[in-house]
Amino acid sequence: MDAILRDLTEAQRSAVTHIHGPQLILAGPGSGKTRVVTHRIAFMLAQGIPAWNITALTFTNKAADEMRKRIDRLAPGQPVWMGTFHRFCAQLLRRHASLVGLKENYSILDTSDSKQILKRAIEVAKVSTSHTSPEKIGATISRFKNRLALPETLEGQSLGANEHVASRVYAAYQQQLLIANAVDFDDLLLHAACMLRDNPDLRADLDLKHRYIMVDEYQDTNLAQYAIVRSLSIDNPNLSVTGDPDQSIYGWRGADISNILGFEKDYSDVQIVRLEENYRSTPEILHVADTLIRNNSRRKDKHLFTNNPSGPPVTLRMYLDGYQEADDIAAQVAMNVGRGEIRPGDVAIFCRMNSLTRVFEHAFNAHAIPYQIVNGTEFYQRKEVKDVLAYLHLLNNPGNDVAFARVINVPTRGIGAKTLKDLTAHADRYRMPLLEAAREVHAIKSLSARYQKKVTDFVEMYDELAAHAMLPVPDLLGLLLDMTKYREYLQTMADDEADNDRVANVDELVSAATDYDDRHQDEASLEGFLEQVALVSDSDAWDDAGDRVSIMTLHAAKGLEFPHVYVIAVEARLLPHERSMNSDAELEEERRLLFVGITRAERYLQLSYTRQRMFRGSHSPMAPSSFLVELPRDTMNLVNTPDLVDQCYGGGDDYNQDMGYPDSWDIEDESLATEKLGLDDEICQLPDEQPGGDGIGVVKERPTLGIVGIKTAAEMLQRRDSGSLPGETFRAGSRVSHPKYGEGQILTISGRADKRTAKVRFDIGHIQSFILKFAPLEMAKS
DNA sequence: CCCCTGTTATTTTTT
DNA sequence: ATAACAGGGG
């Protein structure tokens, strides 16, 4: 107990010890929020509250893991449920699927999968899409769902034209989803909320079970999430939420800032705790953040302060273009690392869009600095990965039509658009899944015997696979890669470098499955694996163990902190983004986004913008962000910012290159080269390659997945330890050499641990399998 | 039916 | 830049 309450401030202790009744913790950035939350859980456990009565809802899996780790230190081995809203709902639905018309093996569709269903729904609903697009309709439906509006409840409401169209598609869309026994991301929340609303007994049971609920990042909850939390804290209103209105950055996803602003009105006798002291940043950084956020009108006023020692001023810097920006930052990092001031893992780079991260791959490779691009979902969006996952989805849920349509002709089986169309027509007519329709293909007269046969063959192969669906996921994967000949398919398709990665990605997926299997032991299941994969989030990919520079979007940066932070591309049309210039509310959200970025920094912060940037394949001129003039520039270190005077902030269109830049922008002599980061007086060495010169942009090779660049899937799904497998450097596609047979290429890898086996085709034509543990195989040099 | 090629739209942010 | 899509030859 002493360990739990010791070292807490008055305010923190008050938050930790208030366990009965509602509580709102307004926690500014870096105010020790995670600490309060974890200590509070430990305190509750110490008070004798059973772990299974405590539920902590976090925003990312990563945050849940972090919390679990910390609680384990204070109170080892207690099964407190921690996870994201989506996972919480997914598990709730798994148990009570029939209440919302699903079966327990339902599939969770990602955005692109649900778009397929949506397109089909648009056809079924027979609406005209001349003035709208599937994306728009999808966005509107998503908004309906986040506001808990069902197709029925929308009827008779006065809707705009677009909303009217969307509401008709909505009904068809939900029906298609139900037939497919599938849900989209929004449905996880929506179904859970509806289930709780419509089943009072169940609600009461769950309210009792989840007697103590904590919600993190409460400012980012939407109405559906609000309703779920609300209905689980009626009889037992022991709800403690933490959040910061100034860090609300998910309004576009339906997050409703009034959930937190109005918390006191929703619950009676709310204890409000304000955590305003910042333990993270220097006063210089905090001052910049505070000055910026004061330009927002819709907020709870708060007084941020810190007792931390002073540090270097915040730097604001202009670059000529994105290449120079990336290269200079990489050079700065290399220099600081070289001097032993920092480690690569101390540095983070934040940007508004994922596409802005690309140039940094080249830059960091050129300076030999290890880095990670934190983009967790990217791996699972790849074609080959989605293909293989689709087979698994279909095995888990035979109703999953998106999966069926995806795999029916992959690898090519001579089943094309026409056949699929006829199958779909039959399926729609009898309201059955495509796989069922395929079983009745003989009844589809529009298909000749020849194509009926092809379909039947597929169904037979499926059934054979399905007979083994209970195998451990990695084994099932191996079997399906064999039976479908998917790996060979990739290999025969491989005609350039990029295609080699594909085979590696499939192998990567197998290791992800192996990893899942190892970690979940008895509870491992196909649907568990698929659920886990479906709910990975971008920030889950962030790995603090690797000691690498982290590059990520501002959204993914939430909740993290780094000694050195670079926020790049603080430019008009990007930040604030041009698509959020319609309303003050959206503009303020953009400002909060920058605020989040700034407040991640502990000691050193640089904001930068460029004059010109590669955009959608062509160069376009850039202007500084309007947010920059809101900063306290008199206290900052301005480097090469001749254009940053208080005029010239049009939308960016009226900006052009004649606008009074110094003609001779000589990098060697300018302060770019002498900037000193407040660390010492040494002169920063410029990189060899000058921006725009030959050295940059010619680096063709991307880092291979899993080496330096993108985090691998296995790593991503990994929570704890994982012993390395013998021969794990061998992959399908690897070039290997053998003392007797010479060089060759690995065709397939199979088996686990000591039995890991490689099948190799040697250049002399000979094919042979080896158990890697014993074989005299080496990676080929070249 | 498959595959190749040229055209078009598309991009904010994410579970 | 890139992916999704359409249309035509094989």
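Just so it is clear, the model here is predicted, and its values are computed rather than measured. In what follows, chains carry the letters A, B, and so on, assigned in the order in which the sequence lines appear, proteins first and then strands, with residues in each chain numbered from 1.
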Closest nucleotide among B:dC1, B:dT14, B:dC2 to the A:Y451 side chain:
B:dC1
What is the separation between atom CH2 on A:W542 and atom P on B:dT14, rounded to the nearest whole Å?
17 Å
Would you say the side-chain atoms of A:E586 and A:W252 include a donor-acceptor pair closer than 3.5 Å?
no
Which one, C:dA1, B:dC1, B:dT13, comes nearest to the side chain of A:M614?
C:dA1
Separation of B:dT14 atom P from A:Y380 atom OH, nearest Å, is 17 Å
Could you check whether A:F458 and A:F404 have their ring centres less than 6.0 Å apart?
yes
B:dT13 and C:dA4: how far apart are their P atoms, nearest whole angstrom?
16 Å
What string of B, S and - do you get for nucleotides 4-11 of chain B 5' to 3' if you count protein non-hydrogen atoms under 4.0 Å?
------BS
Which nucleotide, B:dC1, B:dT14, B:dC2, lies nearest any side-chain atom of A:Y250?
B:dT14
Charged N to carboxylate O under 4.0 angstrom, A:K145 versus A:D184?
yes
Side chain of A:K418 (C-beta onward), nearest among B:dC2, B:dC1, B:dT15:
B:dC1
Basic-acidic side-chain contact under 4.0 Å: A:E217, A:K558:
yes
Expressed in angstrom and rounded to an integer, what is the separation of A:N409 atom CG from B:dC1 atom P?
10 Å
Are A:F85 and A:F59, when compared by the centres of their aromatic rings, separated by less than 6.0 Å?
no
Closest nucleotide of DNA chain B for A:D186 versus for A:K454: which of these residues is on the 5' side?
A:K454
Polar atom pairs between nucleotides 4-10 of chain C and protein, under 3.5 Å, N or O only, would you list them?
from: C:dC5; atom 1: OP1; to: A:K119; atom 2: NZ; distance (Å): 2.8

Identify whether any heavy atom of A:D184 sits under 4.0 Å from a base atom; if not, whether one sits that close to sugar-phosphate; answer base, sugar-phosphate or nothing.
nothing
Please give, in whole Å, the distance from B:dT15 C1' to A:I249 CD1?
13 Å
Here's a test of your reading of the structure: between A:G414 and A:A556, which maps to the more 5' nucleotide of DNA chain B?
A:G414
What's the shortest heavy-atom distance between A:A289 and A:F595, and which atoms?
O-CD1, 3.5 Å
At under 4.0 Å between heavy atoms, what does A:T60 touch on the DNA or RNA strands: base, sugar-phosphate, or nothing?
nothing
Taking the basic N atoms (NZ, or NE/NH1/NH2) and the acidic carboxylate oxygens, is any pair closer than 4.0 Å for A:R592 and A:E589?
yes
Starting from P on B:dT13, measure out to CD on A:Q219 and report it in whole angstrom.
20 Å
A:T419 side-chain N/O to B:dC1 phosphate OP1/OP2 under 4.0 Å:
yes
A:H86 vs A:F185 aromatic rings, parallel, tilted or perpendicular, using cut-offs 30° and 60°?
perpendicular
Is there a side-chain polar atom (N or O) of A:N354 under 4.0 Å from OP1 or OP2 of B:dT14?
yes
Under 4.0 Å between a side-chain nitrogen and a carboxylate oxygen: does that hold for A:R253 and A:D220?
no
Between B:dT15, B:dC1, B:dT13, which nucleotide gets closest to the side-chain atoms of A:T84?
B:dT15
Nearest-Å distance, CH2 (A:W252) to P (B:dT13)?
8 Å
Can you list the steps and then say if A:L57 with A:T84 is a side chain to side chain contact (heavy atoms under 4.5 Å, CB included)?
CA-CA 5 Å; A:L57 294 163; A:T84 64; over 6 Å; no
Rounded to whole Å, please give me the gap between CZ in A:R87 and C1' in B:dT15.
11 Å
Using a heavy-atom cut-off of 4.0 Å across all strands, would you classify A:L574 as base, sugar-phosphate, or nothing?
nothing
Quickly work out the A:Q247 CD to B:dT13 P distance and round it to whole Å.
20 Å
Are A:E590 and A:S580 linked by a side-chain donor-acceptor pair shorter than 3.5 Å?
yes
According to a strict under-4.0 Å criterion, is A:N146 in side-chain N/O contact with OP1 or OP2 of B:dT15?
no
Phosphate contact (B:dT14 OP1 or OP2) by A:T553 side-chain N/O below 4.0 Å
yes
